[in-house]
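In this text, all values refer to a predicted model and were calculated from it rather than measured experimentally. Lettering follows sequence order; numbering is per chain, from 1.
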There are 2 protein chains.
Amino acid sequence: MSRSTTPHGRTGRPRRTSRAEILEAARRLIDRDGWEKLTIRRLAGELGIGATTLYHHVRNKGDLLVQLLNDHAGQAERPTLPRDPRERVIAAATAMHDTLAAWPWAAEVLTTDGFLGLLDESALWTVETIVGGAIEAGRTPEQAVVAFRDIWYYTVGEILVRAHSGREQAQAESIPRHEIDFTRFDPARVPHLAAIADQWPALAAHDTYPQGLRALVDGLLFSECPGS
Amino acid sequence: MSRSTTPHGRTGRPRRTSRAEILEAARRLIDRDGWEKLTIRRLAGELGIGATTLYHHVRNKGDLLVQLLNDHAGQAERPTLPRDPRERVIAAATAMHDTLAAWPWAAEVLTTDGFLGLLDESALWTVETIVGGAIEAGRTPEQAVVAFRDIWYYTVGEILVRAHSGREQAQAESIPRHEIDFTRFDPARVPHLAAIADQWPALAAHDTYPQGLRALVDGLLFSECPGS
DNA sequence: ACCTGAACACCGTTCAAGT
DNA sequence: ACCTGAACACCGTTCAAGT
């Protein structure tokens, strides 16, 4: 009982670096320098410890990311869900989207079909809500799973495209981002692109996720002409 | 006229490494070792030249990928397009999808909103066809661009998720892919997931791109109850 | 039980020099 | 005009050793 500060009752050298400290430092690093800069070595530097010490707290870099992700998902607040199944599916998908959009690196980690196995329940309520809503809308469980995956594909695609677009000025353009030369379009070969050329940049700036989501949900779950 | 073998009429040391050779070696490397292994250094090794020599033919790694991508897109054959606008949009999106699915790294490169500026016309016909089809279906040019982008998000998401899932055995799982433990789902908290748990792996194996695409296209372009 | 430096096997990219 | 080795500033990860 003389060591009430070591809860596990372990003996030996007291740990100087906690899981919470590591995740906090990682978040600080991401917020300050961008998530591309989150490396094992830099994180160790941020913590003031040797790079190799980190491997006593984290299995590898992937493990670090998964821990960070679950922590992030756990902190996001759950919206109140509408009764109507269509609106409920949309609310859940939007919550999923917004949580990931705030931390685009998470989407990168989650581009894995087995990603479900890595999430804890604080993040899984979105999946549950979408599948449940689809079933309530009259789909079979199989169709509901397919609907979830299609919504997932759309969501992750939107986030990744936007995340990579956003790094424009942040990164010293490794892929040359020469402004799109729309005048180059040959009206004879690509007439619609040529006609729309000058409006494209303005249109590309819009956030079209919500409309696209509604279209996808309607097509997946309510294709028999919504008339209620 | 004494140097008809140097078409540009240049003088000096003849080039030993051509653009075609570089792209061919890169393809060989990708096919043999996987695209994660395509590095400037390995590619140079494959060609039997110094890594730094490559920088006389390629601006940087991003430039190499874009060249490879345009080359790949140029070789893909164009399907005959249906007259019906819905089927035409779907055919174009599917062609886009299939071309990228064969080379998933391309999708990674293309997760950039400015990607259009990097493609040449052999790849742009899909964009043109989708935008044109949407307009023919009665959408405004603005809506047509939004529709294209939503289809693009869905397509790129599907490919990236599948590409990263496929590396399961290829890569020494850096992110732990412990088989999803579906029994862990608490029926009280995630009832639908718990109920569907045992069927999930089988459902996840299915290719749902075509159905999802149809749903999205219907929702985007034909939401006013298709009854023709 | 916890932390460490040195080392391994890599990256992309630049620069001054060679032919 | 083309090609080169050496070097710079990084990676993730492992291992034997220290406290």
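Residue pairs meeting the salt bridge (charged side-chain N to carboxylate O under 4.0 Å, His left out) criterion with at least one partner in residues 40-53 of chain A, sequence neighbours excluded, are A:Arg28-A:Glu46, A:Arg32-A:Glu46. The salt bridge (charged side-chain N to carboxylate O under 4.0 Å, His left out) pairs that include a residue from residues 69-78 of chain A are A:Arg27-A:Asp71, where partners are two or more places apart or lie in different chains.
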Return the polar atom pairs (N/O with N/O) between nucleotides 5-9 of chain C and the protein under 3.5 Å, or none.
residue, atom, partner, partner atom, Å
C:dG5, O6, A:Thr52, OG1, 2.8

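Side-chain N/O atoms of A:His56 include none lying less than 4.0 angstrom from OP1 or OP2 on C:dT4. Distances shorter than 4.0 Å separate some side-chain N or O of A:Arg42 from OP1 or OP2 on D:dC11.
For A:His97, the side chain to side chain contact (heavy atoms under 4.5 Å, CB included) partners are A:Ala101, A:Thr155, A:Glu158, A:Ile159, A:Tyr209, not counting sequence neighbours. With sequence neighbours left out, A:Trp125 forms a ring pair (Phe, Tyr, Trp, His ring centres under 6.0 Å) with no residue at all. Looking at residues two or more places apart in sequence or on another chain, you find no salt bridge (Lys or Arg N to Asp or Glu O under 4.0 Å) involving B:Glu142. Residues that satisfy the side chain to side chain contact (heavy atoms under 4.5 Å, CB included) test with A:Val146, not counting sequence neighbours, are A:Asp150, B:Thr208.
In DNA chain C, runs of at least 3 stacked Watson-Crick or G-U pairs (N1-N3 plus N6-O4 or O6-N4, or N1-O2 plus O6-N3, all under 3.5 Å) give these stems: C:4-8 with D:12-16, C:12-16 with D:4-8.
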For residues 48-55 of chain A, which side-chain N or O atoms pair as donor and acceptor with protein atoms under 3.5 Å away, sequence neighbours left out?
residue, atom, partner, partner atom, Å
A:Thr53, OG1, A:Gly50, O, 3.4

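Look at the C1' atom in both D:dA17 and C:dC2: the space between them is 13 Å, to the nearest Å.
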